[in-house]
S.K.: 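Can you read through this structure? Questions will come right after.
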Amino acid sequence: MKKFERLQGLVAPLDRANVDTDLIIPKQFLKSIKRSGFGPNLFDELRYLDEGYPGQDCAQRPRNPDFVLNQPRYEGASVLLARRNFGCGSSREHAPWALEDFGFRVIIAPSFADIFFNNAFKNGLLLITLDDDTVEQLFQAVEATPGYRLDVDLSAQRIHRPDGDIIAFEVDPFRKYCLENGLDDIGLTLTDNSEAIREFETRHRAAQPWLFRDA
Amino acid sequence: MAGRTLYDKLWQSHLVSSREDGTSLIYIDRHLLHEVTSPQAFEGLRLAGRRPWRIDANIATADHNVPTSAKERSAGIAGIEDDVSRIQVQTLDDNTTSFGIETFGINDVRQGIVHIIGPEQGATLPGMTVVCGDSHTATHGAFGALAHGIGTSEVEHVLATQCLIQRKMKNMQVRVEGKLAPHVTAKDIVLAIIGRIGTAGGTGYALEFAGSAIRDLSMEGRMTICNMAIEGGARVGLVGVDQTTIDYVAGRPFAPRGTQWDAAVESWRELVSDEDAVFDRVVTLDAAAIEPQVSWGTSPEMVVGVHERVPDPADAADDTARRGLERALEYMGLSAGQKMTDIRLDRVFIGSCTNARIEDLRAAAAVVKGRRVASSLKQAMVVPGSGLVKRQAEQEGLDRIFLDAGFEWREAGCSMCLAMNADRLGAGEHCASTSNRNFEGRQGYGGRTHLVSPAMAAAAAIEGHFVDVRSYDYDRADAMSA
Ligand code: SF4
């Protein structure tokens with residue numbers, strides 16, 4: 001996982017609530033057995049005017065000029081500003097893979113769906129939950145100001161706005177620690193907890209042997 | 001001290017360790033794997049030189065991508081025509097073979113949608129923690145099991161450590177009290193719940209379904225309800241254990257036997273929320289007031305009773321909501337105030353992990369019996385949830401009823417629920433579907449999904465548009481000639 005330190009990023013606004021994982025990455029791309037290469041198909045049905053399929057050369061496809069990420073002013077955006085319940089729907093990790101592959105590192109919204117929230121952090125994305133009013137203000141500022149950038153400082157848990165205002169945000173300490181150090185959970189779990197897992201397993205097996213098929 | 005909820009009990013009995021900030025490790029008893037969300041996890045395991053922690057906790061099957069036509073299925077994996085799908089199904093087979101994980105192969109009668117076969121095999125037991133790289137894993141909560149949908153990184157984590165990193169959720173209870181009207185089903189209950197709490201209403205909560213109407217449901221019905229907890233935003237759905245649960249589990253291939261069975265049943269009886277347990281949020285619904293539900297929009301919360309009309313965006317609470325409604329109407333090709341019963345249908349799909357169990361097929365067949373699919377329909381299909389459901393239905397003669405009426409009768413799989421295989425909607429087509437998601441493009445590019453119960457889907461297939469199944473004349477003798 002990539003480390004996350006501090007990011008000065010161009011902001012793209014996606015003004016729509018309940019953005020689901022089918023919209024983030026349609027199912028035909030889930031047939032891949034790889035983890036990378038999903039970026040060109042991020043928001044496929046919104047970005048292109050034709051129907052996408054795996055293995056296509058996306059550069060040749062007709063783009064939807066109205067879709068926000070196709071507008072030149074948002075090219076190179078790494079911060080996505082979104083509305084409530086972003087990432088609802090399936091557990092497909094292809095959704096954060098596609099967002100990350102496209103170049104996003106931070107997503108700001110009033111709320112996120114649970115499974116997506118988990119998956120995103122495991123792939124080096126920082127998800128920031130802010131109240132509705134603050135998100136609304138940011139939408140207005142981004143739309144009014146071409147080249148609008150935010151400076152996201154994870155260690156201080158602050159977002160610096162271009163006008164000098166500061167927005168504080170919450171992040172769970174364990175997730176922050178993993179992001180800042182680029183740590184993968186599995187290594188951590190095995191180093192810190194192998195013994196505890198083994199002990200638990202022994203007790204569990206004694207109490208409920210039917211949970212183990214070799215019992 | 002206040003009593004504990006069922007979720008509290010399951011959490012505590014699987015807690016391995018906790019950090020100060022509440023991040024915890026919980027032990028996983030059962031891990032179900034399928035072809036779509038596992039390949040990158042196996043690859044990660046291999047790259048790191050790791051082995052699965054406990055092989056016997058894992059069971060695998062291919063469901064999302066598998067073709068459902070008998071012809072394509074007959075040649076096994078090699079017969080899958082779509083190259084990319086075939087590689088993915090083959091990859092699952094290779095991975096599970098090389099690690100020694102029990103797999104129900106594509107033509108094994110036990111193959112089917114993971115959330116149908118786990119309970120069917122008794123591989124899902126009360127009191128277990130169950131995970132799967134699929135958000136509808138909440139289904140297994142119907143057994144008083146703590147079941148989470150997880151992402152691929154978590155699939156890899158569970159394979160490697162037998163644990164999941166979690167924070168404890170809050171407790172929410174949805175009480176459904178009273179008696180349902182005839183032909184109103186579990187699907188209508190859960191759609192009505194989602195219509196009430198919204199698609200984010202359960203976010204951060206473990207959702208326990210309780211009340212007399214839930215107790216009265218069969219296990220199939222309870223699974224339908226827990227299945228769609230995620231459409232209400234909750235990663236976990238639960239129903240407490242009672243005799244119905246225990247009777248369902250008894251004698252299944254993976255269920256305990258003999259003295260172990262007796263000990264298990266004794267411990268399972270504890271798997272209910274205590275009388276004095278405190279929930280962070282409680283929502284109550286009157287079962288008698290629930291009408292057959294039909295979704296009209298592009299989110300499961302956009303749902304109304306069959307007698308209602310398509311809502312007007314002008315009545316929305318705020319701007320974001322109004323724009324959402326307008327966009328949904330445009331995508332669905334509907335106008336505000338339109339009657340739900342006037343929506344003309346192009347296809348009907350009876351299947352998915354929500355509604356492809358034997359009871360669902362029986363309910364649909366009872367409506368269809370002796371009738372014909374409307375000639376205005378392009379397709380009506382029934383896709384059983386597993387090979388065993390299919391076999392059972394055939395033993396009961398349900399396949400004949402469907403085939404005689406003009407339905408297609410398919411092999412088990414996810415099929416048109418997410419249209420990863422060849423079964424899909426064309427752009428602009430309206431489909432009455434017993435699945436769980438009506439998102440844009442879910443059932444095919446530009447496709448328009450209406451979520452309904454199996455009985456409602458069956459009646460819609462006969463009439464070519466939605467009708468109230470409660471007023472349907474089940475025994476109309478002259479149906480064939482009508
Ligand atoms: S039937 Fe549909 S919802 Fe269920 S597991 Fe398959 S694709 Fe997912």
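Letters A, B, ... are given to chains in the order of the sequence lines, protein chains preceding strands, and every chain is numbered from 1.
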S.K.: Which atoms of A:D132 are under 4.5 Å from chain B, going by heavy atoms: the side chain, the backbone, both sets, or neither?
M.R.: neither
S.K.: Locate the shortest heavy-atom distance separating A:N119 from B:G151; write the atom from each residue and the value.
M.R.: OD1-CA, 3.2 Å
S.K.: Could you look at B:A427 and say if it's the side chain, the backbone, both or neither that has a heavy atom under 4.5 Å from chain A?
M.R.: neither
S.K.: B:W53 versus chain A, heavy atoms under 4.5 Å apart: side chain, backbone, both or neither?
M.R.: side chain
S.K.: Any ion pair linking A:D20 and B:R442 (charged N to carboxylate O, less than 4.0 Å)?
M.R.: no
S.K.: Quick check: do B:M420 and A:F29 have side-chain heavy atoms less than 4.5 Å from each other?
M.R.: no
S.K.: Please state whether the side chain, the backbone, both or neither of B:H14 comes within less than 4.5 Å of a heavy atom of chain A.
M.R.: both
S.K.: Checking B:E43 side chain against A:I33 main chain: does a donor-acceptor pair fall under 3.5 Å?
M.R.: no
S.K.: With a 4.5 angstrom heavy-atom cut-off, is it the side chain or the backbone of B:I150 that approaches chain A, or both, or neither?
M.R.: backbone
S.K.: Heavy-atom cut-off 4.5 Å, strictly under: side chain, backbone, both or neither for B:A48 against chain A?
M.R.: neither
S.K.: Give a yes or no on whether a salt bridge exists between A:R35 and B:E156, defined as a side-chain N under 4.0 angstrom from a carboxylate O.
M.R.: yes
S.K.: Between B:N65 and chain A, with a heavy-atom cut-off of 4.5 Å, which part of the residue counts as in contact: side chain, backbone, both or neither?
M.R.: side chain
S.K.: Do the non-hydrogen side-chain atoms of B:R437 and A:S90 ever get within less than 4.5 Å of each other?
M.R.: yes
S.K.: Does any backbone or side-chain atom of B:T91 lie under 4.5 Å from a heavy atom of chain A? Answer side chain, backbone, both or neither.
M.R.: side chain
S.K.: Give, as side chain, backbone, both or neither, the part of B:T152 having an atom under 4.5 angstrom from any heavy atom of chain A.
M.R.: both
S.K.: For B:R322, check side chain to side chain donor-acceptor pair (under 3.5 Å) against everything at least two apart and list the hits.
M.R.: B:D319, B:E326
S.K.: With a 4.5 angstrom heavy-atom cut-off, which part of B:I59 approaches chain A: side chain, backbone, both or neither?
M.R.: side chain
S.K.: Of the backbone (N, CA, C, O) and the side chain (C-beta and beyond), which part of B:F254 lies under 4.5 Å from a heavy atom of chain A, both, or neither?
M.R.: side chain
S.K.: Would you check if the side chain of B:D29 reaches a backbone N or O of A:L211 as a donor-acceptor pair within less than 3.5 Å?
M.R.: no
S.K.: Could you go through B:L25 and A:F200, starting from their C-alpha distance and side-chain angles, then the distance that decides it, and tell me whether this counts as side chain to side chain contact (heavy atoms under 4.5 Å, CB included)?
M.R.: CA-CA 11 Å; B:L25 265 192; A:F200 177 91; over 6 Å; no
S.K.: Backbone N or O of B:G324 within a donor-acceptor pair of the A:R16 side chain at under 3.5 Å?
M.R.: no
S.K.: Where along residues 108-117 of chain A does a heavy atom come under 4.5 Å of chain B, listed by residue number?
M.R.: A:F112, A:D114, A:I115
S.K.: Report which part of A:P26 has an atom under 4.5 Å of a heavy atom belonging to chain B: side chain, backbone, both, or neither.
M.R.: neither
S.K.: What part of B:T203 gets closer than 4.5 Å to chain A, counting heavy atoms only: side chain, backbone, both or neither?
M.R.: both
S.K.: For B:H157, what residues pass the ring pair (Phe, Tyr, Trp, His ring centres under 6.0 Å) criterion, not counting sequence neighbours?
M.R.: none
S.K.: Counting only heavy atoms closer than 4.5 Å, note whether B:A419 contacts chain A via side chain, backbone, both or neither.
M.R.: both
S.K.: Do B:Y27 and A:E201 meet the criterion of a side-chain donor-acceptor pair at a distance under 3.5 Å?
M.R.: yes
S.K.: Quick one: which residue pairs count as a salt bridge (charged side-chain N to carboxylate O under 4.0 Å, His left out) with a foot in residues 174-184 of chain A, not counting sequence neighbours?
M.R.: A:D172-A:R175
S.K.: Verify side chain to side chain contact (heavy atoms under 4.5 Å, CB included) between A:W97 and B:Q40, making sure each step is shown before the conclusion.
M.R.: CA-CA 11 Å; A:W97 293 337; B:Q40 297 87 351; 3.6 Å; yes
S.K.: Using heavy-atom distances under 4.5 Å, tell me whether B:R86 contacts chain A through its side chain, its backbone, both, or neither.
M.R.: neither
S.K.: Applying side chain to side chain contact (heavy atoms under 4.5 Å, CB included), run through A:H204 and B:V16 and close with a yes or a no.
M.R.: CA-CA 10 Å; A:H204 200 51; B:V16 174; over 6 Å; no
S.K.: Side chain, backbone, both or neither: which part of B:Q90 has a non-hydrogen atom closer than 4.5 Å to chain A?
M.R.: neither
S.K.: So what's closer than 4.5 Å to chain B heavy atoms on A:I197: side chain, backbone, both or neither?
M.R.: both
S.K.: For a quick check under 3.5 Å, do B:S153 and A:E93 share a side-chain donor-acceptor pair by atom type?
M.R.: yes
S.K.: For the side chain of A:K31 and the backbone of B:V36, is there at least one donor-acceptor N/O pair under 3.5 Å apart?
M.R.: no
S.K.: Can we say A:K27 and B:E440 salt-bridge, meaning some charged N sits less than 4.0 Å from an Asp/Glu carboxylate O?
M.R.: no
